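Structure, as structure tokens:
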Protein chains: 2
Amino acid sequence: MTRSDTDANFTPERKRGSGVKMVYDTLRDEILDLVLPPGSPVDEVQLAERFKLSRTPIREALVRLAGEGLIDTLPNRSTMVSNIDFLNLHTYFDALVLMYRVTARLAAEHHRTEDLEVIRARQAEFKAAVEAQDALAMIATNAAFHSAIAEAGRNSYFTGLFNRLLDEGRRILRLYYQSYEDRLPQRFVDEHEEMIAAIAARDLETADRLARTHAEQIVDQIRTLFARKGRLNISL
Amino acid sequence: MTRSDTDANFTPERKRGSGVKMVYDTLRDEILDLVLPPGSPVDEVQLAERFKLSRTPIREALVRLAGEGLIDTLPNRSTMVSNIDFLNLHTYFDALVLMYRVTARLAAEHHRTEDLEVIRARQAEFKAAVEAQDALAMIATNAAFHSAIAEAGRNSYFTGLFNRLLDEGRRILRLYYQSYEDRLPQRFVDEHEEMIAAIAARDLETADRLARTHAEQIVDQIRTLFARKGRLNISL
DNA sequence: ACGCGGAATTCTGTCGACAAATAAAATACA
DNA sequence: TGTATTTTATTTGTCGACAGAATTCCGCGT
């Protein structure tokens with residue numbers, strides 16, 4: 001389905017305001033899923049004829065993507081998919097660990113019963129993705145799981161910041177989960193279960209600690225993955 | 001100068017890509033400084049003839065502002081300056097306190113000597129603004145001071161998040177500092193000095209604690225201010 | 001052969017205009 | 001007089017086109 005959406009969307013007539021959202025969502029997914037690798041040139045007229053639209057809505061979508069830092073646009077010059085800053089990865093990981101902790105802690109403090117149902121549903125989806133060994137689905141469901149925890153924390157600023165952070169790191173996580181394509185990290189599923197239990201028990205400290213170890217473990221594995229890869233090919 | 005910029009900018013010829021940035025910066029400042037109060041309608045053609053531009057660059061600026069949540073745009077309908085969410089103010093304050101703490105702690109850990117010079121310079125500007133009893137300057141210099149601390153933390157994600165948060169709260173702080181127009185909170189200047197000392201001494205815990213009390217104190221005062229105001233006029 | 005300068009091309013930024021969609025106004029009807 | 005329906009009007013979303021900027025290519029000169 002995703003495949004047929006991207007290349008051959010032959011919808012002769014679209015609803016009035018849906019063009020930009022369509023282009024925005026499509027390009028966003030393609031960038032975050034590394035279909036458009038970092039550094040790829042983004043040509044407006046090319047996109048215009050691809051989506052059968054004028055350049056105006058294309059530009060609007062590009063402006064929004066630029067606002068999220070997904071594309072870099074040189075004034076009066078070419079615009080390209082933004083590069084992943086591998087040098088400052090640790091800053092991203094620090095931020096991610098902190099947000100994992102804060103959201104888990106707040107969820108333990110402020111969640112309601114209906115929140116737990118949503119979280120458990122997301123966890124079930126994540127578990128299914130892990131068992132199916134579907135890397136892309138693991139990324140999405142894992143993000144949705146932690147996003148649901150953030151929602152349960154009932155702080156729109158943190159959820160916004162956290163979702164933003166998860167999106168920004170989606171390309172990194174994409175590389176990370178790719179390396180797991182064969183073996184399945186069942187451990188993550190178990191750790192998620194523990195976090196749910198701590199949140200349900202309103203145990204702030206345990207939720208915080210679990211989120212911290214969970215996050216730091218992932219960060220360590222990503223680090224070793226990149227260290228391994230870095231010796232082979234520095235490029236990208 | 002600000003006044004003459006807003007209404008009568010009769011520059012006959014602008015450089016090619018500077019139009020959107022001009023409109024964006026101007027509108028952004030007007031929104032954050034409450035010149036355009038929340039709920040104000042934003043008319044494209046009105047702005048177009050005000051800035052002597054076509055609707056296209058105006059729209060681009062509006063898209064970027066919408067991306068930052070400063071304006072809300074109803075599809076196919078009017079677009080207006082976004083309202084301040086007074087009901088969920090505590091979520092903003094929680095996020096602000098956390099970022100104050102994190103940035104101060106990181107600054108104490110990672111700062112270099114040249115960072116301290118910048119921080120002290122910002123503090124001097126803040127002190128001057130307080131002594132001059134200039135509310136707008138106090139907002140700007142206070143934000144610049146804490147932003148400089150965040151920069152010294154050497155984590156681009158946190159600085160980005162923090163600056164974003166400071167911007168989002170600029171309208172709230174605008175209301176807050178307005179209430180101080182007469183008496184001057186010399187205490188804040190002293191607390192800033194203490195924070196600088198803790199950061200310079202690389203005392204993480206003290207920097208964290210000072211940032212926390214500093215932030216929470218401001219939050220409390222804003223709370224009481226709004227509680228006082230809330231009894232008088234609920235509107236706005 | 002190599003560097004410099006100008007022409008051509010390509011892409012972006014801006015413009016004016018048209019069409020769809022919604023809100024407001026006016027009219028018809030009970 | 002109040003309500004429903006049509007008409008008008010305002011505003012947004014989209015389009016095609018033009019002009020400015022910058023890269024590229026090509027020819028010229030040393």
Side-chain angles (χ1 to χ4, degrees), chain A residues 9-28 30-31 36-83, chain B residues 9-28 30-31 36-83:
Chain A
N9 41 5
F10 45 96
T11 51
E13 42 202 273
R14 277 182 269 264
K15 282 160 196 164
R16 189 173 159 80
S18 75
V20 280
K21 179 171 173 51
M22 166 68 152
V23 176
Y24 170 78
D25 289 336
T26 304
L27 286 183
R28 176 191 165 87
E30 289 184 356
I31 293 174
L36 294 177
S40 302
V42 178
D43 188 13
E44 295 180 0
V45 314
Q46 195 173 334
L47 292 172
E49 61 188 32
R50 171 182 164 191
F51 287 99
K52 305 277 172 54
L53 283 175
S54 172
R55 275 180 50 225
T56 311
I58 303 289
R59 275 180 72 84
E60 180 169 334
L62 292 184
V63 167
R64 284 171 58 180
L65 288 172
E68 299 184 17
L70 290 179
I71 61 176
D72 290 333
T73 165
L74 288 281
N76 279 325
R77 238 176 303 185
S78 68
T79 132
M80 60 179 63
V81 177
S82 66
N83 288 350
Chain B
N9 42 2
F10 46 96
T11 50
E13 42 202 272
R14 275 181 271 262
K15 285 160 195 165
R16 187 173 161 79
S18 75
V20 279
K21 180 170 172 53
M22 166 69 154
V23 176
Y24 169 79
D25 289 336
T26 304
L27 287 182
R28 176 189 165 85
E30 290 185 355
I31 292 174
L36 293 178
S40 303
V42 178
D43 187 12
E44 295 181 359
V45 341
Q46 194 174 333
L47 291 173
E49 61 188 31
R50 171 183 163 190
F51 287 98
K52 305 277 176 53
L53 283 175
S54 172
R55 273 181 50 226
T56 311
I58 303 289
R59 276 181 71 84
E60 181 169 333
L62 293 184
V63 167
R64 285 170 58 180
L65 289 172
E68 299 183 17
L70 291 179
I71 62 175
D72 289 334
T73 162
L74 286 281
N76 281 324
R77 238 175 304 183
S78 66
T79 135
M80 59 179 66
V81 177
S82 66
N83 288 351

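What you see is a predicted model, and the numbers here were worked out from it, not measured in a lab. Each chain gets a letter, A, B and so on, in the order the sequences are listed, and its residues count up from 1.
Pairs engaging residues 18-27 of chain A under the salt bridge (Lys or Arg N to Asp or Glu O under 4.0 Å) rule: A:Lys21-A:Asp25 [sequence neighbours left out].
Checked against B:Leu47 for a side-chain contact (heavy atoms from CB on, under 4.5 Å), the options B:Val23, B:Val42, B:Leu53 give a single hit: B:Val42.
Following rounding to the nearest Å, B:Leu62 (CG) and D:dT11 (C1') show an atom-to-atom distance of 13 Å. Straight-line distance from the NZ atom of A:Lys21 to the P atom of D:dG13: 14 Å, rounded to whole Å. Atom CD in B:Glu49 sits about 18 Å away from atom P in C:dT14, given to the nearest Å. Protein atom CD1 of B:Ile58 is 12 Å distant from nucleotide atom P of D:dT12, rounded to whole Å. Distance A:Lys52 NZ to D:dT14 C1': 17 Å, rounded to the nearest Å.
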Counting primed atoms, P, OP1 and OP2 as sugar-phosphate and everything else as base, the B/S/- map of nucleotides 8-13 of chain C against protein heavy atoms under 4.0 Å is ----BB
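Partners of B:Thr79 under the side chain to side chain donor-acceptor pair (under 3.5 Å) rule, at least two apart in sequence or in another chain, do not exist in this structure. With sequence neighbours left out, the salt bridge (Lys or Arg N to Asp or Glu O under 4.0 Å) criterion links A:Arg55 to A:Glu44.
Between the CZ atom of B:Arg50 and the CG atom of B:Asp43 there is a distance of 12.0 Å, given to the nearest 0.5 Å.
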Atom pairs and distances, donor-acceptor, side-chain atoms in residues 61-72 of chain B, under 3.5 Å, two or more places apart:
{"unit_1": "B:Glu68", "atom_1": "OE1", "unit_2": "B:Tyr24", "atom_2": "OH", "d": "3.4"}
{"unit_1": "B:Glu68", "atom_1": "OE1", "unit_2": "B:Arg28", "atom_2": "NH1", "d": "2.7"}
{"unit_1": "B:Glu68", "atom_1": "OE2", "unit_2": "B:Tyr24", "atom_2": "OH", "d": "2.2"}

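Among all heavy-atom pairs drawn from A:Ser40 and A:Pro37, the shortest one is OG-O, 2.5 Å. Across all their heavy atoms, A:Ser82 and A:Pro38 have their closest contact at O-CB, 3.5 Å.
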Using a cutoff of under 3.5 Å, can you pull out all pairs of nitrogen or oxygen atoms linking the protein to nucleotides 7-9 of chain D, with atom names and distances?
none

